[in-house]
> 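One structure, as structure tokens, below. Some questions next.
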Amino acid sequence: MAALPTFEKKRLMGLVAVLSFGLTSLFAVLELGVLVPATFVVGFLILLPVVAVLGEDFPLVEPADATAEAAATADAGQAGSREDDPVATLRRRYATGEIDEAEFERRLDRLLETEELEGTVDGDEARRRADELTEIEAELESNSTSP
């Protein structure tokens with residue numbers, strides 16, 4: 001048997017409200033008689049208050065700590081997607097020890113070559129990145145000479 005999906009409390013309440021309203025309207029248009037008030041009563045007067053009162057104890061509502069973890073993960077994912085700059089990504093990977101100094105320098109050189117090609121199209125951006133790369137190289141040299 002498949003596990004039931006879980007939702008945030010607000011989302012589940014919104015889903016119940018939208019479905020209740022939609023089904024009540026549909027049944028009214030189709031002139032299904034007793035289903036119109038029954039759908040309204042079950043959705044708005046029974047399900048919504050039950051979800052609101054029970055909260056996390058309701059089977060379809062996910063626990064608050066899981067919601068907080070999901071939000072933190074989503075925020076981290078958005079921050080990572082905003083970091084489109086390859087130099088910043090390279091810096092981060094070098095700083096965390098994911099790549100060594102030789103690999104960092106090799107990739108930095110490749111980025112410099114790529115930047116020179118892009119410089120013909122966008123001179124200001126290429127100059128700014130070249131300045132950043134020069135600063136990075138200077139930091140690398142100073143770090144490699146220090147004990």
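Along the sequence shown, residues carry numbers from 1. Small disclaimer: the values here were computed from a predicted structure and weren't measured.
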> Starting at CD of E8, measure out to CG of L15 and round the result to the nearest 0.5 Å.
12.5 Å

> Got a sec, which hydrophobics cluster with V18, joining ILVMFWY side chains under 4.5 Å apart, including via others?
none

> When you measure from the side chain of T96 to the backbone of R93, do you find a donor-acceptor pair of N or O atoms at a distance under 3.5 Å?
yes

> Find the distance between CZ (F104) and CG (D109) and round it off to the nearest 0.5 Å.
10.0 Å

> So V87 and L90, do their side chains get closer than 4.5 Å, heavy atoms only?
no

> Out of curiosity, L111 CG to R106 CZ, how far, rounded to the nearest 0.5 Å?
10.5 Å

> Find out whether F58 and L12 are in side-chain contact, i.e. whether some heavy atom of one side chain is under 4.5 Å from a heavy atom of the other.
yes

> Using residues 34-56 as the side-chain source, report each donor-acceptor pair under 3.5 Å to any protein atom, sequence neighbours left out, with the distance given to one decimal.
| from | atom 1 | to | atom 2 | distance (Å) |
| --- | --- | --- | --- | --- |
| T39 | OG1 | L35 | O | 2.6 |
| E56 | OE2 | A64 | N | 3.0 |

> Cluster question for you: counting only ILVMFWY and a side-chain heavy-atom cut-off of under 4.5 Å, with indirect links fine, are L23 and M13 together?
no

> Heavy-atom distance under 4.5 Å between the side chains of Y94 and I136, does that happen here?
no

> Go through the structure and list residues passing side chain to side chain donor-acceptor pair (under 3.5 Å) with E132, not counting sequence neighbours.
R128

> Do F7 and E62 come within less than 4.5 Å of each other through their side chains, counting heavy atoms only?
no

> Measuring from atom CG of L112 to atom OG1 of T134, what distance do you get when rounded to the nearest 0.5 angstrom?
7.0 Å

